[in-house]
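Naming: A, B, ... by sequence-line order, numbering from 1 per chain.
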Amino acid sequence: MSGGATAAPAPLRAACDAALADPLLWPQDAGSAMGVQDRLRPAVRTEPLAAVRTVAGLDVGYAPGDDRLVAAVVVLDTATLSTVESVTETGRPEFPYVPGLFAFRELPPLLRALRRLDSEPDLLVCDGFGRAHPRRFGLACHLGVLLDRPVLGVAKSPFVGSHGPLDRSRGAWSPLRADDGAEVGRALRTRDGVKPVYVSVGHRVDLDTGCDLVLRLSPRYRQPEPIRAADRLSRSSPIGDDRNGPKGPQRHQPA
DNA sequence: GCGACAG
DNA sequence: ATCTTGTCGC
C-alpha cells in the first residue's frame, strides 16, 4: 500500500475529486450545511507558511440575466506576478446564495476548475472569508480543509467583526475582531487612501504571513493580482450552453 | 421581533 | 454577483 503515515498531501487533482465525490459534504438544505461547517471546523490549522513560489487566485462570475456561472483559477508566479497557468469551468449554481453558506454555492465549480490544473500552487487565495465568518468557517477555511492546503481569504467588505481606523498609507492594518474580542482577520490597506481589503486565514497559513503575502501580491491595485486575474477571466470567458452539451472547459497557457 | 448579511 | 455615466485623480 502506498500512502502511509508519512504520505505527502494528495495531489490537487485527487483531493478535488475526493471532495466532489463525497455526498455528505454537499447537503441541499441550510441546516445540514451548517452542520457540515461545524463538523469540519476543528480541522482548521494556523501556521507560518514559507517558500510560496506560486499562488492561485480563485473567483466565480455569474452571467447577467442567466443562471450560468464561470469558475476561474489563475496561477501566478509570486516573484514576477506573471501567469503560469489558468483554467475556467462553466456550470450552474446548485445552492442559493446565503450569507454564511457561500462555500456550498461556489466550491463545487471551483473544485471542478482546480482539479484540471497541471501545476500545484503553494497557496490558494479566494474572494471571500476564512475565519472571519459567523461560525468561523468561511469559504477559505472550507476549501483549505477539503484539500488540506494553504488557503487565504481576501474579501472586499467586512462580514463579521469590526475594526478601528487605520492609517491612510498602504500597508496599514487593524485587527478585525469578533464580538468576543478574538482576532478573526485584518483590515489591510493595499493602496494609499483606498478602502482596505479584509484578510482572514483559511487554512495552514497565519495572519502575519497572509497579510505580508497579500501586500506583495497587490503592488498596484486594491485587490491581489491572483484574484484580479481570476475575476477578469471569469467575466471574459464564454459561457457554455448545457442545453446542447457543455461547451467544455477552456484551458489557457501563457504565450 | 427586526434588520443586517462574503459573492 | 449584475445592471449603470460621468467624473476626479494619479
Side-chain angles (χ1 to χ4, degrees), chain A residues 30 33-34 36-37 40-41 44 57-74 88-114 124-145 151-163 168-170 176-179 183-203 207 210 214 218-224 226-239:
Chain A
M34 290 190 278
V36 170
Q37 295 179 322
L40 299 179
R41 185 179 45 239
V44 172
L58 287 60
D59 194 25
V60 176
Y62 297 83
D66 201 319
D67 65 340
R68 290 172 294 186
L69 53 76
V70 180
V73 178
V74 180
T88 59
E89 182 81 22
T90 62
R92 292 173 190 281
E94 292 164 13
F95 198 94
Y97 167 63
V98 180
L101 299 178
F102 195 41
F104 295 91
R105 180 180 179 80
E106 297 207 340
L107 274 190
L110 285 173
L111 288 168
R112 288 196 296 271
L114 281 167
L124 271 36
V125 180
C126 40
D127 201 340
F129 283 112
R131 296 167 73 184
H133 175 276
R135 286 171 295 282
R136 304 285 190 279
F137 197 73
L139 176 70
C141 295
H142 207 136
L143 181 60
V145 168
V151 181
L152 212 48
V154 180
K156 298 179 292 297
S157 63
F159 186 18
V160 295
S162 56
H163 65 85
R168 186 181 187 289
S169 61
R170 165 181 151 82
L176 223 204
R177 296 187 183 287
D179 294 333
E183 182 180 28
V184 294
R186 284 178 191 167
L188 174 67
R189 189 100 67 190
T190 53
R191 290 199 68 189
D192 288 2
V194 172
K195 283 196 306 180
V197 293
Y198 298 84
V199 181
S200 60
V201 169
H203 189 50
L207 263 180
V214 168
S218 319
R220 180 166 178 183
Y221 298 99
R222 181 190 178 218
Q223 286 188 287
I227 289 183
R228 288 190 73 240
D231 180 72
R232 291 195 313 168
L233 180 56
S234 74
R235 292 176 199 274
S236 63
S237 184
I239 303 278

Sugar-phosphate only, base, or nothing, as touched by A:Tyr62 at under 4.0 Å among non-hydrogen atoms: sugar-phosphate
Rounded distance [0.5 Å steps], CD in A:Glu106 versus OH in A:Tyr62: 3.5 Å
Residue pairs involving residues 187-201 of chain A (criterion salt bridge (charged side-chain N to carboxylate O under 4.0 Å, His left out); sequence neighbours excluded): none
Listed partners of A:Asp59 passing salt bridge (Lys or Arg N to Asp or Glu O under 4.0 Å), at least two apart: none
Touch class at under 4.0 angstrom, heavy-atom based, for A:Leu69 against every strand present: nothing
Residues forming a salt bridge (Lys or Arg N to Asp or Glu O under 4.0 Å) with A:Arg135, sequence neighbours excluded: none
Pair pattern of DNA chain B in dot-bracket, where unpaired bases get dots and | marks partners in another strand, Watson-Crick or G-U under 3.5 angstrom: .......
Heavy-atom closest contact (A:Ser237 atom, A:Thr88 atom, distance): OG-OG1, 3.5 Å
Close aromatic pair by centroid cut-off 6.0 Å: A:His142 and A:Phe104: yes
Min side-chain heavy-atom separation A:Leu176-A:Ser200 under 4.5 Å: no
A:Arg232 atom CZ: more than 12 heavy-atom contacts under 6.0 Å: no
Residues that A:Asp67 engages under side chain to side chain donor-acceptor pair (under 3.5 Å), provided they are two or more places apart: A:Arg92
For A:Thr190, side chain to side chain contact (heavy atoms under 4.5 Å, CB included) partners two or more places apart: A:Leu188, A:Val197, A:Val214, A:Leu215, A:Ser218, A:Arg222
Side-chain heavy atoms of A:Glu89 within contact of A:Val73, under 4.5 Å: no
A:Val74, A:Leu58, A:Val154, A:Leu152 screened by side chain to side chain contact (heavy atoms under 4.5 Å, CB included) with A:Ile227, the one that passes: A:Val154
Touch class at under 4.0 angstrom, heavy-atom based, for A:Pro134 against every strand present: nothing
Protein-to-nucleotide contact annotation, 5' to 3' order, nucleotides 3-10 of chain C [B base; S sugar-phosphate only; - none; under 4.0 Å, heavy atom]: S-------
Counterpart residues, side chain to side chain contact (heavy atoms under 4.5 Å, CB included), relative to A:Ala30 (two or more places apart): A:Leu101
Stems formed with participation of DNA chain C [Watson-Crick or G-U wobble, under 3.5 Å, three or more pairs]: none
Close residues, residues 96-113 of chain A, relative to DNA chain B [heavy-atom separation under 4.0 Å]: A:Tyr97, A:Pro99, A:Gly100, A:Leu101, A:Phe102
Sub-4.5 Å side-chain heavy-atom contact between A:Val151 and A:Val145: no
Residues forming a side chain to side chain donor-acceptor pair (under 3.5 Å) with A:Arg131, sequence neighbours excluded: A:Thr46
DNA chain B: 5'-most and 3'-most nucleotides touching chain A, 4.0 angstrom heavy-atom criterion: B:dC5 to B:dG7
